[in-house]
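These notes are about the structure you will find just below.
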Amino acid sequence: MIEPRTLKGFRDYLPEAMIPRERLIGTAQRVYRSFGYSPIDTPALEYFEILAGKGGEESDRQMYHFHDHGGRHVAMRFDLTVPLARFVAQHVNELGLPFKRYHIATVWRGENTQHGRYREFMQCDFDTIGTKSVAADIETALVIHELLSQIGATFGKPLPFTIRVNNRAVLSGLLSKLGLSDKSVALLRALDKLGKIGREKVAEEMVAAAGATPEQADQVLKLAELSGTNDEVLTQLGPLVAGNAQGEEGVERLRQILRGAKAGGVPEAALLLDVAIARGLDYYTGAIFETFLADLPTIGSICSGGRYDNLAGLFTKQELPGIGASLGLDRLLAALEELGMIDKVRTPAPVLIAFFDAARLDDYLRLAATIRAAGIGVEVYPEPKKLGQQLQYADRRGFRVAIIAGQREFDAGKCQVKDLATTQSSEAPLADADALVAAIRKCL
RNA sequence: GUGGCUGUAGCUCAGUUGGUUAGAGCGCCAGAUUGUGGAUCUGGAAGUCGAGGGUUCAAGUCCCUUCAGCCACCCCA
């Protein structure tokens, strides 16, 4: 016998896990489509050189790659953004610009696992390629906001969250003003930990790992420690980047994003300017976003993204700026689970027809077809077992309604519609589809 | 990738200083006079004690390796 098992960081999904997963995917699709993003897909496997070096050193280390049977050096995608850059560079002429797409697919990273962190997980990306307009930055914030709001609605409970926004141009501007441009990657990485390890340690790391002087570290930190309302922070940022064109533009752009998001319906408290977020991925150049759940911040960002004006430059001479974000489906599911927002339902259909009278299978099948025609999912129990057992089955799987019809009901031309949550039954005529469906709908 | 903690039935765990045929609760399956579930009662199935090796007269219990889970670092969804 071979022991059945799965690889570290890879998981099976049982029905009670897969049902909410599919609901979440459905919500994401609906929201993306409502903003005009179109679906695409790309291969799981790419040439190694396509993916290598695009997400920074860390991504390269975590990438699954190997030589295929034809001797090609291939790699599994570790995100959906780099494949998108290749995709757009390859197909711009067919696509036209600007191009908005969403992409919901599995990605792989060979990193160490942790709660909410897996080696195989699904991302739900949406991006706008081919425009530098701030309108696209604003829309990204709007989509994140709508997405998280709709997810709360889908799972029947509000899901409080905050989107944090920053602009790398502000940080870059300040760093170049301080003559630290060449050390920006290490500095931003240190800065990103501010909320976690505190000012002292970040300053130490900036000196030790990035080679900044204590004074320079202090100046960078001063920027990141600005606090107050969004407007207050914007006001304080002005003088700090004054004289550096990049920094000044960056602040102005943040101002526009915040204003636009408000106009687009994002409440002020939901979108916070946080000058400390930097993000590790090297390719971001402008606005950056992270989203945290108010009730479970420790699980990390569940929707992150930003603007990358140079990414496709490696694949084409044509300028292809872009912006987008990615919902971490599996991490979010782990969070929803922990927050008790996931029902333990193991059936996607709400109605079970009890197979009661062994001679009436055809009648049950006809009944099922009638109910399905009204758009309601129905399962006919496969064996004429004892009614008690069938009801127990219905109860445990999470069916909402049981339809019971035996000799007595058939003789009277009726069936019982039993609401499993309340245990109440009502009678509905077998011949009147509308009345029957109405009786079922009442219980759903 | 580095460091730490953990690993006994599907799940949560018990298992005395290493000592005979490894237990409980929940869950699962089947019954409790062939038409009504989530309660109760009865019975049943189910574990090569994560895997492999070693020490010992004897290992679930000690040692090593490996696999997996969790935590921290790193990084990130």
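Note on naming: letters A, B, ... go to the chains in the order of the sequence lines (proteins, then strands), and numbering restarts at 1 for each one.
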Rounding to the closest angstrom, what is the interatomic distance between [N] and [M] at atom [atom1]?
{"N": "B/rG69", "M": "B/rG25", "atom1": "P", "answer": "31 Å"}
{"N": "B/rG38", "M": "B/rG27", "atom1": "P", "answer": "11 Å"}
{"N": "B/rU61", "M": "B/rG50", "atom1": "P", "answer": "8 Å"}
{"N": "B/rA68", "M": "B/rA32", "atom1": "C1'", "answer": "43 Å"}
{"N": "B/rG60", "M": "B/rG47", "atom1": "C1'", "answer": "11 Å"}
{"N": "B/rC76", "M": "B/rG4", "atom1": "P", "answer": "25 Å"}
{"N": "B/rU6", "M": "B/rA46", "atom1": "P", "answer": "32 Å"}
{"N": "B/rA14", "M": "B/rC49", "atom1": "C1'", "answer": "13 Å"}

To the side chain of [X], which of [options] is closest?
{"X": "A/D395", "options": "B/rG38, B/rG35, B/rC75", "value": "B/rG38"}
{"X": "A/L391", "options": "B/rU36, B/rC76, B/rG38", "value": "B/rU36"}
{"X": "A/I404", "options": "B/rG37, B/rG35, B/rC75", "value": "B/rG35"}

Would you mind reading off the distance between [X] atom [atom1] and [N] atom [atom2], rounded to a whole angstrom?
{"X": "A/Q390", "N": "B/rG37", "atom1": "CD", "atom2": "P", "answer": "12 Å"}
{"X": "A/F355", "N": "B/rG37", "atom1": "CZ", "atom2": "C1'", "answer": "20 Å"}
{"X": "A/K418", "N": "B/rG38", "atom1": "NZ", "atom2": "P", "answer": "10 Å"}
{"X": "A/R396", "N": "B/rA30", "atom1": "CZ", "atom2": "P", "answer": "9 Å"}
{"X": "A/W108", "N": "B/rC76", "atom1": "CH2", "atom2": "C1'", "answer": "17 Å"}
{"X": "A/E337", "N": "B/rC70", "atom1": "CD", "atom2": "P", "answer": "13 Å"}
{"X": "A/R400", "N": "B/rG37", "atom1": "CZ", "atom2": "C1'", "answer": "16 Å"}
{"X": "A/I403", "N": "B/rG35", "atom1": "CD1", "atom2": "C1'", "answer": "16 Å"}

So, OP1 or OP2 of [N]: does either fall under 4.0 Å of a side-chain N or O from [X]?
{"X": "A/T113", "N": "B/rA68", "answer": "no"}
{"X": "A/K386", "N": "B/rA30", "answer": "no"}
{"X": "A/K385", "N": "B/rA30", "answer": "yes"}
{"X": "A/R397", "N": "B/rG37", "answer": "no"}
{"X": "A/K193", "N": "B/rC73", "answer": "no"}
{"X": "A/Q389", "N": "B/rA30", "answer": "yes"}

Mind checking if [X] touches a base, just sugar-phosphate, or nothing, with heavy atoms under 4.0 Å?
{"X": "A/Y393", "result": "nothing"}
{"X": "A/E409", "result": "base"}
{"X": "A/G116", "result": "base"}
{"X": "A/I302", "result": "sugar-phosphate"}

Residues [X] and [Y]: side-chain donor-acceptor under 3.5 angstrom:
{"X": "A/E120", "Y": "A/Y64", "result": "no"}
{"X": "A/R33", "Y": "A/Y102", "result": "yes"}
{"X": "A/Q123", "Y": "A/H103", "result": "no"}

Measure distances between side-chain N and O atoms of [X] and base N and O atoms of [N], and say whether any donor-acceptor pair falls under 3.5 Å.
{"X": "A/R61", "N": "B/rC75", "answer": "no"}
{"X": "A/R109", "N": "B/rC76", "answer": "no"}
{"X": "A/Q114", "N": "B/rG69", "answer": "no"}

*Between A/H73 and A/F66, is the ring centre distance below 6.0 Å?*
no

_With rounding to the nearest 0.5 angstrom, report the CG to CG distance, A/L271 to A/N230._
6.5 Å

*asked:* Donor-acceptor pair, distance only, cut-off 3.5 Å: does the side chain of A/Y364 make one with the backbone of A/F356?
replied: yes

*asked:* Could you check whether any side-chain N or O of A/R23 sits under 3.5 Å from a backbone N or O of A/T154, counting only pairs where one atom can act as donor and the other as acceptor?
replied: yes

Complementary nucleotide for [N] - Watson-Crick or wobble, under 3.5 Å:
{"N": "B/rU55", "result": "none"}
{"N": "B/rU42", "result": "B/rA30"}
{"N": "B/rU17", "result": "none"}
{"N": "B/rC11", "result": "B/rG25"}
{"N": "B/rG60", "result": "none"}
{"N": "B/rC5", "result": "B/rG69"}
{"N": "B/rC74", "result": "none"}

_Contact nearer the 5' end of RNA chain B, comparing A/G9 with A/Q123_ = A/G9

*Taking for each residue the nucleotide of RNA chain B bearing the nearest heavy atom, is the 5' side occupied by A/R117 or by A/T6?*
A/T6

*Residues A/K414, A/E427: salt bridge by 4.0 Å N-O rule*: yes

*Can you find a pair of side-chain heavy atoms, one from A/V207 and one from A/T213, that are under 4.5 Å apart?*
no

